[in-house]
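First the structure, in the form of structure tokens, and then the observations on it.
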Number of protein chains: 2
Amino acid sequence: MNKNEYLKLDNQICFALYVCSKEIIKKYRPLLEPLNLTYTSYIAMLSLWEKDGVTVKELGDTLFLDSGTLTPLLKKLEISGYISRKRDAKDERNLRIFLTKKGQELKERSEKIPSNLLCSIYNGDYCDNSEMIKLRDTLHNLMRRFLSSEGSSKT
Amino acid sequence: MNKNEYLKLDNQICFALYVCSKEIIKKYRPLLEPLNLTYTSYIAMLSLWEKDGVTVKELGDTLFLDSGTLTPLLKKLEISGYISRKRDAKDERNLRIFLTKKGQELKERSEKIPSNLLCSIYNGDYCDNSEMIKLRDTLHNLMRRFLSSEGSSKT
DNA sequence: TTGATTAAAATTGTATACAATTTGATTGCA
DNA sequence: TGCAATCAAATTGTATACAATTTTAATCAA
């Protein structure tokens with residue numbers, strides 16, 4: 001591949017990631033709207049359903065988001081009644097996020113979303129599951145790399 | 001995989017795409033800043049270096065972006081002196097985007113960016129090229145799917 | 001020819017993202 | 001103890017994204 005080829009849009013892995021990510025997020029919209037969730041608040045809820053009582057920092061480490069994004073997002077989730085935000089009595093710097101009863105119940109109402117989303121992408125077509133697993137593994141390898149490089153860059 | 005597993009963050013392909021896309025875009029920042037480009041204006045320039053004189057709509061179809069994103073972006077690229085925006089005399093609804101001399105020259109100054117970016121992700125580590133090619137092909141298959149479903153959804 | 005329809009950009013409003021800074025709390029050390 | 005360094009959230013400012021609407025131009029049909 002010569003110098004010129006590298007600048008072609010079709011050879012940009014990041015562009016392909018960026019487009020696929022955005023287009024799939026668009027497809028979530030009609031599924032999430034009835035639950036009063038955006039994509040970002042949905043992944044926050046996914047994380048909290050696995051483990052709540054975490055700090056904003058811990059949630060941010062899981063979601064690869066910072067407080068500038070999470071603070072307003074979590075305030076909205078609190079207004080929606082899905083979570084509560086409480087300062088940690090032991091260390092008042094930490095804000096801990098807890099699911100409310102309504103937030104816990106939302107999990108059951110969300111169970112169909114992953115399969116409905118796959119339908120909206122593949123609508124009935126054949127989808128090679130092994131290819132999806134390979135894709136996921138490749139992306140998870142990349143994600144691990146981002147985690148480790150965050151630390152190493154601040155020598 | 002039972003019902004519960006589907007809601008786990010680790011099984012969300014979209015989340016992995018979303019994180020990888022964002023983290024790579026962050027790594028572009030220091031490479032693009034000296035050229036006075038953001039990631040979005042960079043991909044716009046990549047597209048224009050392959051073909052300019054296109055309309056905003058055509059550029060948007062290539063980049064999967066709409067006029068709401070492109071209009072302000074292109075105005076900034078015009079202010080930077082990289083492009084010019086001219087109404088099509090044949091059809092005044094169309095706005096055509098042309099590279100200026102400065103915009104064409106920027107291509108040479110950008111040639112090192114793709115390899116520098118790979119370095120910033122893999123810094124010296126082994127990177128399996130065949131895995132990257134597989135990743136790209138999987139994502140391109142997905143992108144084709146988004147293109148065709150855009151039309152089919154508006155029966 | 002003209003009014004309805006369609007089409008392309010631009011605009012408006014809302015929701016992210018994130019760098020950089022600020023605020024407030026804690027820790028560690030002199 | 002007391003104060004500098006550190007840490008977690010929050011805030012500020014800028015740049016996207018995109019749905020929905022508006023504006024302006026072109027086309028089509030009666």
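Proteins come first, then strands; the chains are lettered A, B, ... in the order of their sequence lines, and each starts at number 1. Treat the numbers as computed from the prediction; the structure is a model and nothing was measured.
- Place A:S41 and A:D91 on DNA chain C by their nearest nucleotides, and A:S41 ends up nearer the 5' end.
- Between B:K22 and C:dC18 there is a side-chain N or O to OP1 or OP2 distance below 4.0 Å.
- Listed pair B:N94 / C:dA9 meets the phosphate criterion, a side-chain N or O lying under 4.0 Å from OP1 or OP2.
- Near DNA chain D, defined here as any heavy-atom distance below 4.0 Å, the residues from residues 65-85 of chain A are A:S67, A:G68, A:T71, A:K75, A:R85, listed numerically.
- Inspection of the B:K86 and B:S84 side chains reveals an N or O donor paired with an N or O acceptor under 3.5 Å.
- Taking a cutoff of 4.0 Å between a charged side-chain nitrogen and a carboxylate oxygen, B:E92 and B:R87 do not qualify as a salt bridge.
- In this structure, the CD atom of B:E92 is 13 Å from the P atom of D:dT24, given to the nearest Å.
- Of the candidate nucleotides C:dA19, D:dT6, D:dA9, C:dA19 has the atom nearest to the side chain of B:R29.
- An OP1 or OP2 oxygen of C:dA9 is reached within less than 4.0 angstrom by a side-chain nitrogen or oxygen of B:T55.
- Using a 4.0 Å cut-off, some side-chain N or O of B:K26 falls inside it from OP1 or OP2 of C:dC18.
- When the side-chain nitrogen and oxygen atoms of B:Y39 are compared with OP1 and OP2 of D:dA15, none of them lie within a distance under 4.0 Å.
- Residue B:R87 has a polar side-chain atom (N or O) positioned under 4.0 Å from OP1 or OP2 of C:dA10.
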